[in-house]
**Student:** 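Let me begin by handing over the structure; questions about it come next.
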Protein chains: 2
Amino acid sequence: MKNLTKRQEEILNLIKTHILDLGFPPTRADIARSLGFKSPNAAEQHLRAIEKKGFIKILSGASRGIILNDSENDQIPVIGLVAAGGPILAEENVEKTIPRSNNLLSNDIDYYLRVKGDSMVNIGIFEEDLIGVSKSANTKVGSVVVARINNEVTVKTLIEMSQNKVVLRPENENYEDIILDPQVEEIAIEGSCVALLRESI
Amino acid sequence: MKNLTKRQEEILNLIKTHILDLGFPPTRADIARSLGFKSPNAAEQHLRAIEKKGFIKILSGASRGIILNDSENDQIPVIGLVAAGGPILAEENVEKTIPRSNNLLSNDIDYYLRVKGDSMVNIGIFEEDLIGVSKSANTKVGSVVVARINNEVTVKTLIEMSQNKVVLRPENENYEDIILDPQVEEIAIEGSCVALLRESI
DNA sequence: ATTTATACTGTAATTATATACAGTATACAG
DNA sequence: CTGTATACTGTATATAATTACAGTATAAAT
């Protein structure tokens, strides 16, 4: 899917806003009016370009017949067991996807990760819970993070992180702190946990 | 809001389905075609009736200008502190509402209740968590329930419930079981907890 | 150097759509 | 028994909306 130009993006956003506000797409004339075009044909041609790039579908003959093609963008993957080695978001790890809902939980969730084991029960993270993970949220000491240690993915609290020492703490007195030397072990912080979903109590 | 007739409901559902399928409402002709009317005016008059009953709004002059008036139905209230005495869902208790999202969590959530206190930490229910409550889900022994005891709302595990004894258990060793006689105390089970949301970790 | 994409104006025709008006028929309420 | 709601047919028309055609102009790609 090719990139949209600035103007095309503006029009796509206008369509989305119109749908959000009124529940149906705008007409060519609506678009022209909103953006100050003097001809509805300007809108028409933009729509054609946007369709050609795959962002919308135009139903010929139907008034307001603009269908958005961004349903995938609106889905958040739920990651089950992470196959060792590959990236977390690899398709084989995706258990299902759930629609993003702006107001429900923090918006910057990149994926949900299904929790395995009981190493975080003390802070209320239980087996089978879904953790909302943000790749961009800044991880600081004290954050609950998704870490990859030698190709295995785990959820722990980040206690210390320096050039030659990383400490990850399970929140369960039955487990010991994981102390690692990043110069020896392969370790990466994949993201921060920003939300939690439990589908059954 | 008056009740719709069977036929009117059929038309309202058609509109909803059309929007779900294509992203915009049907025309009068679309409706007539779908239901076998020979005149678009049949659809028009049904729409007027449905509007009069408050279920939709018709924008005059706009093609497909049908706005659904069921945004409230699609919002789940989030209940903060429950004022003593009144019903849980009383407006003054509603902190905000969040859009219902079919696939995200169990669909039969009637409201979310913000958890106060630490009486359920052992099963991973923490202060400030949002509990998804279903009024209709059958509550059995072992369920986590929302109970109202003498006008105070609380979340506990239901341990026993008979004609002369109700036992509610906090899931925290610092608290004692609550043992009540329903013939003396006023006690009602408001619903079952079927899901959990945590907005920050 | 020529094509292709972007970004519009301006006009106009065709078709899609809302909507008015005139009926028919049934059922229910006051 | 008269009004009002429901549930349509059938025709017609104004207007809403798509969309074709003919241009102008600029920038990037081949």
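Within every chain, numbering begins at 1; the chains are lettered A, B, ... in the order of the sequence lines, protein sequences first and strands thereafter.
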**Student:** For A/Ile58 and D/dT19, what is the distance between atoms CD1 and P respectively, to the nearest whole Å?
**Tutor:**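 One finds 8 Å between P of D/dT19 and CD1 of A/Ile58, rounded.
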
**Student:** Less than 4.0 Å between a side-chain N and a carboxylate O, is that true for B/Lys140 and B/Glu160?
**Tutor:**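 No.
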
**Student:** Which distance, rounded to the nearest 0.5 Å, do you find between the NZ of B/Lys135 and the OH of B/Tyr111?
**Tutor:**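 Answer rounded to 0.5 Å: 7.0 Å.
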
**Student:** Could you please spell out the steps behind the side-chain contact (heavy atoms from CB on, under 4.5 Å) verdict for B/Thr157 and B/Met120?
**Tutor:** CA-CA 9 Å; B/Thr157 301; B/Met120 299 298 276; 3.6 Å; yes

**Student:** On DNA chain C, nearest-nucleotide positions of A/Lys52 versus A/Asn41: which is more 5'?
**Tutor:**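 Upstream on the strand: A/Lys52.
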
**Student:** Taking only the side-chain nitrogens and oxygens of B/Arg64, find out if one of them lies under 4.0 Å from OP1 or OP2 of D/dA16.
**Tutor:**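 False: B/Arg64 side-chain N/O out of range (4.0 Å or more) of D/dA16 OP1/OP2.
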
**Student:** Provide, to the nearest angstrom, the distance between the CD1 atom belonging to B/Ile11 and the C1' atom belonging to D/dT6.
**Tutor:**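 That distance rounds to 11 Å.
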
**Student:** In residues 24-32 of chain B, what residues come within less than 4.0 Å of DNA chain C, judged by heavy atoms?
**Tutor:**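 Under 4.0 Å from DNA chain C: B/Thr27, B/Arg28.
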
**Student:** Heavy atoms under 4.0 Å, any strand shown: does B/Gln8 hit a base, just sugar-phosphate, or nothing?
**Tutor:**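 Result for B/Gln8 = sugar-phosphate.
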
**Student:** May I have the distance from B/Glu9 (atom CD) to D/dT6 (atom P), rounded to whole angstrom?
**Tutor:**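 For the pair B/Glu9 CD and D/dT6 P, the rounded distance is 13 Å.
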
**Student:** Which listed nucleotide (D/dG10, D/dT19, C/dT17) is nearest to the side chain of B/Ser63?
**Tutor:**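 Among D/dG10, D/dT19, C/dT17, the one nearest the side chain of B/Ser63 is C/dT17.
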
**Student:** In terms of the nearest nucleotide of DNA chain D, which residue is placed more toward the 5' end: A/Glu44 or B/Arg7?
**Tutor:**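 Here B/Arg7 is the residue nearer the 5' end.
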
**Student:** Taking for each residue the nucleotide of DNA chain C bearing the nearest heavy atom, is the 5' side occupied by A/Pro40 or by A/His46?
**Tutor:**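 This one resolves to A/His46.
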
**Student:** Give every residue pair that meets the side-chain hydrogen bond (donor to acceptor under 3.5 Å, both in side chains) criterion with at least one member in residues 18-28 of chain B, sequence neighbours excluded.
**Tutor:**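 Those involving residues 18-28 of chain B are B/Thr27-B/Asp30, B/Arg28-B/Glu44.
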
**Student:** B/Ser119 and side chain to side chain donor-acceptor pair (under 3.5 Å): which single residue from B/Glu171, B/Glu127, B/Lys156 fits?
**Tutor:**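 Between B/Ser119 and the candidates, side chain to side chain donor-acceptor pair (under 3.5 Å) is satisfied uniquely by B/Lys156.
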
**Student:** Would you please confirm or rule out a distance under 4.0 Å between OP1 or OP2 of D/dT6 and any side-chain N or O of B/Lys53?
**Tutor:**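 Result: yes.
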
**Student:** Start at the 5' end of DNA chain D and walk down; is the nucleotide closest to B/Phe37 or to A/Ala62 reached first?
**Tutor:**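 Its nearest nucleotide lies further toward 5', so the answer is B/Phe37.
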
**Student:** Considering the terminal five base pairs at each end of the helix from C/dA1-D/dT30 to C/dG30-D/dC1, what angle separates the two local helix axes, rounded to 10°?
**Tutor:**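 Rounded value for the end-axis angle: 30°.
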
**Student:** Rounded off to whole Å, could you give me the CG-to-P distance for the A/Leu47 and C/dT6 pair?
**Tutor:**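 Going from CG in A/Leu47 over to P in C/dT6 covers 13 Å.
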
**Student:** Identify whether any heavy atom of B/Lys6 sits under 4.0 Å from a base atom; if not, whether one sits that close to sugar-phosphate; answer base, sugar-phosphate or nothing.
**Tutor:**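 Result for B/Lys6 = nothing.
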
